[in-house]
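As the structure lists them, so they are numbered: ligands from 1, and atoms in each ligand from 1. Computed over heavy atoms, backbone and side chain alike; hydrogens, waters and symmetry mates excluded. Note that the numbering runs from 1 along the sequence shown for the chain. Keep in mind that what you see is a predicted model, and the values were worked out from it rather than measured.
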Amino acid sequence: MKYNITVIPGDGIGPEVTSAAVETLKEIGNKFGHTFNFEYSICGGAAYDKYGEPLPAESLEKCLKSDSVLLGAVGGPQYDSLPYEKRPERALLGVRKAMGLYANLRPAKLFDALANVCPLKNPKNIDMLVVRELIGGIYFGEKGIREGKFGREGYDVMAYGELEVERICRLAFELAQKRRGKVSSVDKANVLKTSGVWRKVVHDIHEDYPDVQLEDVLVDNMAMQLVRDPSQFDVIVTGNLFGDILSDLASQCVGSIGILPSASLNETTRGLYEPIHGSAPTIAGKNIANPIATILSASMMLRYAFDLKKEADALDAAVEKTLNDGARTADLAEEGKPVLGTREMTEAILKNL
Ligand code: IPM
Ligand code: MG
């Protein structure tokens with residue numbers, strides 16, 4: 001089969017990690033007889049530098065036309081003083097919104113080989129899936145700056161409509177049915193009206209999934225429980241902002257944010273696949289970034305966008321074998337042990353494919 005993939009290298013370490021993932025996809029293509037065509041789209045700070053805007057129409061068009069999108073990362077300190085609309089992050093949020101990617105799947109699983117890298121005591125059986133609502137909530141609510149009682153004030157409205165909650169929690173229940181059958185819905189229902197509606201909808205929809213166990217967890221408690229004992233969680237469903245924060249937390253539970261992939265989905269098979277880490281400007285261009293999060297994102301693309309299960313399993317297995325062999329990038333290495341660069345880690349994974 002032939003698949004057209006749009007690649008957004010973006011900023012910081014984005015170009016290095018996407019090029020690693022593209023190599024692994026090419027190798028999968030060779031091994032399994034598929035053709036992956038790659039078309040490059042300039043977005044984020046790179047697009048601002050070239051065109052004066054973070055998401056040029058042509059770059060977005062490429063995303064909307066392809067079979068799926070692979071993204072590295074956007075952003076960097078040199079863009080911090082830009083007006084809001086010109087910031088690199090607008091590109092990412094713009095692509096998510098334009099593609100209608102309401103569901104962001106962020107699996108966090110502890111590899112056996114990385115138990116010693118995990119900062120938690122005696123970690124075991126950590127295997128969670130954060131399902132983050134991605135195109136609603138406070139990220140996309142009305143926002144602005146106005147005169148307030150205490151001077152100029154910024155405001156961002158958090159709102160969730162019933163249908164928005166329904167579609168994300170249905171997906172969470174369905175995913176739980178294929179996993180360990182438990183959903184933890186995270187909100188702040190003791191304070192926020194938004195969460196009151198969220199919680200009501202989640203419970204109403206739960207009636208259609210009696211085989212799934214549902215619990216409500218307040219977001220502050222969730223942060224604590226993730227550090228105390230993350231093995232208690234299976235699927236975690238939550239809104240945009242809480243999901244952003246908790247998925248970074250979840251990444252540390254399994255050792256490093258450098259290994260966490262994600263899939264952003266809509267109702268079609270056309271999605272966006274990206275590591276959950278950012279552009280990491282301080283290590284950019286030095287061949288030290290961990291390519292695993294992006295390579296595993298490519299694997300999620302094979303699985304979810306193209307229904308290529310065997311191929312995705314092969315790529316996942318190659319990553320796991322490479323870690324079992326002891327290969328470590330700087331974020332994963334124990335003191336005094338050998339450290340591989342981005343390219344060397346990628347080569348090691350390619351060898352195990
Ligand atoms: C993420 C990132 C983005 C987000 C930023 C870069 C806009 O932190 O994907 O988690 O907040 O969604
Ligand atoms: Mg984030």
Side-chain angles (χ1 to χ4, degrees), residues 8-15 17-18 21 43-48 53-55 59-60 63 69-80 82-108 128-141 143 156 158 160 164 168 186 219 222-223 226 236-254 256-266 271-284 289-290 293-294 296-297 300-301 331:
I8 303 177
D11 310 318
I13 59 172
V17 294
T18 45
C43 291
Y48 175 78
E53 50 179 317
L55 183 56
S59 302
L60 177 60
C63 299
V69 182
L70 179 73
L71 181 140
V74 295
Q78 68 271 46
Y79 308 109
D80 279 352
L82 286 180
Y84 180 83
E85 289 308 324
K86 299 279 184 191
R87 290 188 61 107
E89 291 77 9
R90 300 310 306 162
L92 179 55
L93 299 177
V95 172
R96 288 174 180 170
K97 190 72 174 181
M99 293 180 70
L101 304 167
Y102 66 87
N104 185 212
L105 276 44
R106 300 187 156 186
M128 345 176 231
L129 175 63
V130 178
V131 179
R132 169 190 178 194
E133 198 292 327
L134 201 60
I135 51 172
I138 195 165
Y139 272 56
F140 291 91
K143 54 183 81 250
D156 301 86
M158 186 195 287
Y160 267 116
E164 283 176 293
I168 192 78
V186 179
V219 64
M222 188 64 181
L226 275 173
I236 297 169
V237 66
T238 190
N240 210 340
L241 181 62
F242 298 161
D244 178 45
I245 298 166
L246 294 173
S247 57
D248 270 32
L249 213 174
S251 77
Q252 280 308 296
C253 298
V254 296
S256 166
I257 199 166
I259 58 170
L260 252 69
S262 88
S264 303
L265 309 174
N266 54 25
L272 171 80
Y273 296 82
E274 55 165 326
I276 84 153
H277 62 66
S279 57
T282 54
I283 62 164
N290 190 341
T294 317
L296 291 178
S297 301
M300 290 185 89
M301 177 187 286
D331 56 319

**Student:** Under 2.8 Å from the Mg ion (ligand 2), which protein N, O or S atoms do you find? Ignore water molecules.
**Tutor:**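 Within the sphere that stays under 2.8 Å of the Mg ion (ligand 2), the protein atoms of type N, O or S are Asp244 OD1.
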
**Student:** Quick one, Glu53 with Tyr48, criterion side chain to side chain contact (heavy atoms under 4.5 Å, CB included). Give me CA distance, side-chain angles, the key distance, then yes/no.
**Tutor:** CA-CA 4 Å; Glu53 50 179 317; Tyr48 175 78; 5.7 Å; no

**Student:** Does Tyr79 have Arg90 sitting over its ring (NZ/CZ under 6.0 Å from centre, angle to axis within 45°)?
**Tutor:**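 No, Arg90 does not lie over the aromatic ring of Tyr79.
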
**Student:** Evaluate Ser279 against Asp11 for side chain to side chain donor-acceptor pair (under 3.5 Å), listing each step before the verdict.
**Tutor:** CA-CA 6 Å; Ser279 57; Asp11 310 318; over 6 Å; no

**Student:** Quick one: table the atom pairs, ligand 1 N or O against protein N or O, below 3.5 Å, distance rounded to 0.1 Å.
**Tutor:**
| unit_1 | atom_1 | unit_2 | atom_2 | d |
| --- | --- | --- | --- | --- |
| ligand 1 | 8 (O) | Asp244 | OD1 | 3.2 |
| ligand 1 | 9 (O) | Arg96 | NH2 | 2.7 |
| ligand 1 | 9 (O) | Arg106 | NH2 | 2.8 |
| ligand 1 | 10 (O) | Arg106 | NH1 | 3.1 |
| ligand 1 | 10 (O) | Arg106 | NH2 | 3.1 |
| ligand 1 | 10 (O) | Arg132 | NH1 | 3.4 |
| ligand 1 | 10 (O) | Asp244 | OD1 | 2.8 |
| ligand 1 | 11 (O) | Tyr139 | OH | 2.5 |
| ligand 1 | 12 (O) | Arg96 | NH1 | 2.8 |
| ligand 1 | 12 (O) | Arg132 | NH1 | 3.2 |
| ligand 1 | 12 (O) | Arg132 | NH2 | 2.8 |

**Student:** Show, in sequence, the C-alpha distance, side-chain angles and deciding distance for Leu70 and Thr294, and conclude whether the side chain to side chain contact (heavy atoms under 4.5 Å, CB included) test is met.
**Tutor:** CA-CA 8 Å; Leu70 179 73; Thr294 317; 4.3 Å; yes

**Student:** Under the side chain to side chain donor-acceptor pair (under 3.5 Å) criterion, do Asp244 and Tyr139 qualify, and how do the steps go?
**Tutor:** CA-CA 10 Å; Asp244 178 45; Tyr139 272 56; 3.1 Å; yes

**Student:** Taking all non-hydrogen atoms of both residues, which atom of Pro281 and which atom of Gly76 are closest, and how far apart?
**Tutor:**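 Where Pro281 meets Gly76 most closely, the heavy atoms are CG-CA, 4.5 Å.
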
**Student:** Shortest non-hydrogen contact from Tyr160 to Asn240?
**Tutor:**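 Closest approach of Tyr160 to Asn240, heavy atoms only: OH-N, 3.0 Å.
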
**Student:** Mind checking salt bridge (Lys or Arg N to Asp or Glu O under 4.0 Å) for Arg96 and listing every partner two or more places apart, or none if nothing turns up?
**Tutor:**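 Residues passing salt bridge (Lys or Arg N to Asp or Glu O under 4.0 Å) with Arg96: Glu274.
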
**Student:** Test of understanding: with ring-ring contact (aromatic ring centres under 6.0 Å, His included), list the residues that count as partners of Tyr273, not counting sequence neighbours.
**Tutor:**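 For Tyr273, no residue satisfies ring-ring contact (aromatic ring centres under 6.0 Å, His included) once neighbours in sequence are set aside.
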
